[in-house]
Amino acid sequence: MDHPTDLDCIIIGAGPAGLTAAIYLARFRRRFRVIETGESRAGWIPRTRNHPGFPDGVGGRTLLGRMRRQAEAYGAEIVRGSAQSLRKVRDGFRLATGAGEFSAATVILATGVQDNAPPIPGLEEGVFRGLVRICPICDGYEVVGKSVGVIGRDDHGAQEAIFLRTWSDQVAFLHVGEAPLPPATVRKLKSAGVEVVRSAIRAVRIERRRIVAFDLGAGESRSFDSVYSALGVTPRVRLAEDAGAKLDSSGRLVVGDHQETSVPGLYAAGDVVRGLNQISTACGEGAIAATDVHNRLRLARSARS
């Protein structure tokens with residue numbers, strides 16, 4: 001078993017935030033490990049066209065692969081395994097995983113979020129074909145002039161439908177919540193030019209012509225060029241809670257200017273921190289966290305000298 005001082009840092013997660021942190025720590029010549037499950041949310045992206053530096057767009061898996069190769073070129077070691085528990089110890093942190101136990105002076109959590117999946121058979125295929133979308137900020141531009149359905153159950157989903165009116169004047173909010181929408185929410189939707197469909201979705205099929213069709217019951221069927229899921233996400237914060245880190249009202253981690261959580265030496269970056277859910281933001285936060293880890297350890301070593 002490693003002792004806490006054997007590693008400078010453990011990065012949990014190998015999405016854009018975790019891999020950026022790995023690139024930085026490797027170039028800082030730090031001793032660290034990246035623990036990942038291979039299930040980065042970014043891998044679902046068929047092609048993003050709003051990430052700087054890729055005027056023709058880039059697929060999520062391609063981007064992750066390039067970032068991984070870049071980190072490994074500088075000596076980063078990426079270990080496949082599921083993180084089971086994280087606890088604070090006297091000299092740092094101890095992480096238990098399916099691949100063994102790791103200890104380090106600091107930890108960067110880049111665990112991301114889990115999408116609350118809509119009831120769509122063939123969901124993954126629909127996402128890769130660009131029929132089913134989960135981020136209007138990332139790819140709202142791709143639905144300019146198209147008919148769009150937004151699956152939601154509450155005011156959050158309604159706001160997303162209104163937001164999509166930036167690009168399309170054919171937006172329908174498909175309400176799948178058990179409770180009726182508040183009258184004020186219905187008025188906001190109608191005022192914004194969003195159609196409200198109150199019937200629950202009973203069946204879905206993805207057609208050859210890149211159209212997602214819904215059977216809403218009572219003989220009613222609707223088709224859309226693209227459908228957005230606005231059912232929200234679940235932040236992956238269990239490990240942070242194990243270590244005693246504070247969460248905000250949305251269930252994400254509270255961090256300071258340098259991405260440090262309420263637990264000294266425990267950092268967080270990417271979607272697990274704030275609700276923007278953007279690759280560029282995650283990369284920036286990963287860089288900030290890794291740089292602060294390096295400076296923290298450098299200053300601590302100077303103080304001991």
Side-chain angles (χ1 to χ4, degrees), residues 1-40 64-112 236 238-240 242-245 253 255-270 272-273 282-305:
M1 181 187 301
D2 292 330
H3 295 292
T5 54
D6 285 345
L7 294 174
D8 294 322
C9 186
I10 298 169
I11 300 171
I12 306 175
L19 290 174
T20 299
I23 293 168
Y24 274 64
L25 286 181
R27 289 174 59 84
F28 285 138
R29 304 180 68 185
R30 287 295 174 183
R31 297 166 299 159
F32 70 98
R33 297 288 186 278
V34 180
I35 310 297
E36 60 107 9
T37 61
E39 299 176 354
S40 171
L64 292 174
R66 291 180 180 181
M67 295 180 73
R68 178 184 292 261
R69 289 195 300 273
Q70 186 173 355
E72 290 175 336
Y74 293 107
E77 183 176 343
I78 302 173
V79 179
R80 180 65 65 90
S82 176
Q84 298 169 352
S85 66
L86 177 68
R87 57 191 177 94
K88 188 83 169 66
V89 294
R90 184 173 61 87
D91 294 323
F93 299 87
R94 188 159 293 161
L95 175 71
T97 78
E101 197 164 272
F102 298 85
S103 298
T106 62
V107 169
I108 298 175
L109 292 170
T111 46
R236 295 190 176 107
R238 180 180 57 81
L239 294 174
D242 287 348
L253 286 167
V255 297
D257 291 344
H258 299 284
Q259 303 302 130
E260 191 173 20
T261 70
S262 59
V263 178
L266 178 63
Y267 294 76
V272 74
V273 172
C283 291
E285 291 175 353
I288 292 170
T291 301
D292 203 65
V293 164
H294 173 65
N295 286 333
R296 180 192 193 92
L297 299 176
R298 179 176 57 83
L299 294 175
R301 181 175 181 179
S302 297
R304 291 194 301 268
S305 300

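Side-chain atoms are counted along with the backbone in the values below, which use heavy atoms only and exclude waters and symmetry mates. Because the structure is a prediction, the values reported are computed rather than measured.
Residues Ala243 and Val263 come closest through the heavy atom pair O-CG2, 3.4 Å. Considering every non-hydrogen atom in both Phe28 and Ala290, the closest pair reads CE1-O, 4.0 Å. Summarising the geometry of Thr20 relative to Cys283, their closest heavy-atom pair is CG2-O, 3.2 Å, with the distance given to 0.1 Å. When all heavy atoms of Leu64 and Leu19 are compared, the pair lying nearest together is O-CD1, 3.7 Å. When every heavy atom of Gly244 is checked against every heavy atom of Ser262, the shortest pair comes out as O-OG, 3.9 Å. Across every non-hydrogen atom of Met67 and Ile23, the tightest pair is O-CD1, 3.9 Å.
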Open item on the list: side-chain contact (heavy atoms from CB on, under 4.5 Å), that's the test. Do Val107 and Leu86 meet it? Break it down for me.
Closed with: CA-CA 9 Å; Val107 169; Leu86 177 68; 4.1 Å; yes
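Leu95 contributes atom CG, which lies 7.5 Å from atom CZ of Phe102 (distance to the nearest 0.5 angstrom). Put simply, OG1 on Thr111 and CD1 on Ile35 are 13.5 Å apart, with the number rounded to the nearest 0.5 Å. Atom-to-atom distance recorded for Thr106:OG1 and Phe32:CZ is 10.5 Å, nearest 0.5 angstrom. Note: Gln259 CD to Leu266 CG = 11.5 Å, rounded to the nearest 0.5 Å.
Within the 4.5 Å cutoff, the side chain of Phe93 has no heavy atoms near those of the Ile10 side chain. Side-chain contact between Asp8 and Leu25: absent, with no pair of heavy atoms (C-beta onward) separated by less than 4.5 Å.
The list of salt bridge (Lys or Arg N to Asp or Glu O under 4.0 Å) pairs with a residue in residues 288-297, not counting sequence neighbours, reads Glu260-Arg296. Pairs engaging residues 64-77 under the side-chain hydrogen bond (donor to acceptor under 3.5 Å, both in side chains) rule: Arg27-Tyr74, Arg33-Glu77, Glu36-Arg68 [sequence neighbours left out].
Residues forming a side chain to side chain contact (heavy atoms under 4.5 Å, CB included) with Arg238 (at least two apart in sequence, or on another chain): Asp242.
Under a 3.5 Å cut-off, the side chain of Arg94 and the backbone N or O of Glu101 do not form any donor-acceptor pair.
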